[in-house]
Amino acid sequence: EDVRARAANVAGNLCKHSSSLYAALEADGALQALVHCLSDTAPAVRKFAAFAVGNAAFHSGELYPFMSGAISPLVALLSDSDAKARSNAAGALGNTVRNGDQLLAHLLTSKAMSALWSTCQNTDPAAVVAVYSIGTLCCYAELRDQAVSLGIKESVTEMAKTCKDATKLKYMQRLITRLEQK
């Protein structure tokens with residue numbers, strides 16, 4: 001368990017600042033091992049695997065063709081017992097659309113929008129990241145339509161009126177702006 005968690009953490013840190021190792025991650029099978037670790041029995045492994053997968057999606061869409069299997073486990077991690085795993089999963093889901101729409105169909109079928117929205121509706125520390133990720137997902141009309149059908153705009157507008165967290169409020173305003181786009 002400790003070795004898997006540390007290996008996933010190292011992979012996440014190696015991808016944190018650049019995409020220069022993306023090709024090696026895919027070629028050596030490390031990416032698929034990280035995707036598998038998203039469903040590990042050990043909380044630390046899941047947390048760091050979500051961190052690594054999120055960073056592997058951040059800088060470019062180079063690995064998107066190999067990440068379809070990560071979407072459902074990331075959605076499942078939004079209900080994990082570990083708060084940091086939930087936060088990392090929320091961020092990773094947002095990162096999967098930063099550089100292209102290759103994973104759009106998987107996000108739609110996995111009900112990622114609904115799961116992220118559920119994360120936003122409580123005091124979960126991952127809620128701030130989930131609000132930001134919903135805003136990122138809403139750059140695509142299909143996901144924006146899902147958000148609208150869930151009533152997210154109206155709910156976020158109401159939530160923003162009493163929000164005391166400046167960062168979360170900024171992300172809520174960003175989300176509202178995205179939801180108003182056609």
Side-chain angles (χ1 to χ4, degrees), residues 12 15-16 38-39 43 46-61 63-64 67-182:
C15 294
K16 192 173 184 175
L38 292 169
S39 302
R46 294 190 304 270
K47 169 179 66 177
F48 289 122
F51 168 68
V53 170
N55 285 346
F58 185 82
H59 297 287
S60 80
L63 295 177
Y64 288 1
M67 289 187 157
S68 60
I71 303 301
S72 289
L74 287 169
V75 169
L77 277 177
L78 293 172
S79 301
D80 198 85
S81 60
D82 185 284
K84 191 62 176 168
R86 292 191 303 274
S87 184
N88 288 348
L93 286 166
N95 288 351
T96 63
V97 297
R98 279 179 51 88
N99 302 292
D101 66 356
Q102 297 96 315
L103 296 168
L104 192 60
H106 299 285
L107 290 160
L108 290 164
T109 59
S110 71
K111 306 213 182 320
M113 183 65 72
S114 180
L116 283 164
W117 178 233
S118 293
T119 303
C120 292
Q121 296 184 66
N122 55 47
T123 59
D124 190 322
V128 174
V129 179
V131 169
Y132 189 85
S133 288
I134 290 173
T136 303
L137 295 177
C138 285
C139 68
Y140 293 100
E142 299 92 334
L143 289 164
R144 192 168 49 250
D145 291 346
Q146 269 192 351
V148 168
S149 72
L150 291 168
I152 291 177
K153 181 183 175 206
E154 296 80 8
S155 297
V156 170
T157 301
E158 283 303 309
M159 291 166 62
K161 291 177 183 176
T162 58
C163 184
K164 305 280 190 243
D165 180 324
T167 302
K168 188 174 182 181
L169 180 59
K170 179 173 85 174
Y171 295 164
M172 288 175 164
Q173 291 165 337
R174 172 183 176 262
L175 173 54
I176 292 165
T177 300
R178 288 267 169 98
L179 288 170
E180 290 172 343
Q181 294 175 345
K182 297 289 178 205

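Here the structure is a predicted model, which is why all the values come from computation and not from measurement.
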Taken to the nearest 0.5 Å, the spacing of Arg98 CZ from Cys139 SG works out to 10.0 Å
When rounded to the nearest 0.5 Å, the distance separating NZ of Lys16 from CZ of Phe58 is 10.5 Å
Looking only at heavy atoms, the pair that brings Thr119 and Ala127 closest together is O-CB, 3.6 Å
Residues Ala147 and Leu179: closest non-hydrogen pair is CB-CD2, 3.6 Å
In terms of heavy-atom contacts, Ala126 and Ala83 come closest through CB-O, 4.4 Å
All heavy atoms of Ser68 vs all of His106, minimum pair found to be CB-NE2, 3.2 Å
Please check: side-chain N/O of His59 versus main-chain N/O of Cys15, any donor-acceptor pairing under 3.5 Å?
yes
Acceptor/donor pairs from residues 167-177 side chains to any protein atom, 3.5 angstrom cut, sequence neighbours excluded:
from   : atom 1 : to     : atom 2 : distance (Å)
Arg174 : NH1    : Tyr132 : O      : 2.8
Arg174 : NH2    : Thr136 : OG1    : 3.0
Thr177 : OG1    : Gln173 : O      : 3.0

*Between Asn95 (side chain) and Ala56 (backbone), is there a donor-acceptor pair under 3.5 Å?*
no
To the nearest 0.5 Å, atom NZ of Lys153 lies from atom CD of Glu180 at 4.0 Å
Closest non-hydrogen contact found for Gly54 with Ala92 is CA-CB, 3.5 Å
The reported gap from CG in Leu38 to CG in Asn88 (rounded to nearest 0.5 angstrom) is 10.0 Å
Salt-bridge criterion met for Arg46 and Asp80 (N-O under 4.0 Å): yes
query: Could you go step by step and tell me if Ser114 and Leu150 meet the side-chain contact (heavy atoms from CB on, under 4.5 Å) rule?
result: CA-CA 7 Å; Ser114 180; Leu150 291 168; 4.2 Å; yes
Checking Thr96, Leu143, Leu137, Thr109 against Leu104 for side chain to side chain contact (heavy atoms under 4.5 Å, CB included), the one that qualifies is Leu143
(Q) Looking at Lys84, is its backbone amide N or carbonyl O close enough to the side chain of Ser87 to form a donor-acceptor pair, meaning the two atoms are under 3.5 Å apart? (A) no
For Ala57 and Asn99, the nearest pair of non-hydrogen atoms, with its separation, is O-ND2, 3.2 Å
Donor-acceptor pair, side chain of Ser133 and main chain of Leu93, under 3.5 angstrom: no
| query | Quick one: does Met113's side chain get under 4.5 Å of Cys138's, heavy atoms only? | reply | yes
To the nearest 0.5 Å, atom CD of Gln146 lies from atom CG of Leu107 at 9.0 Å
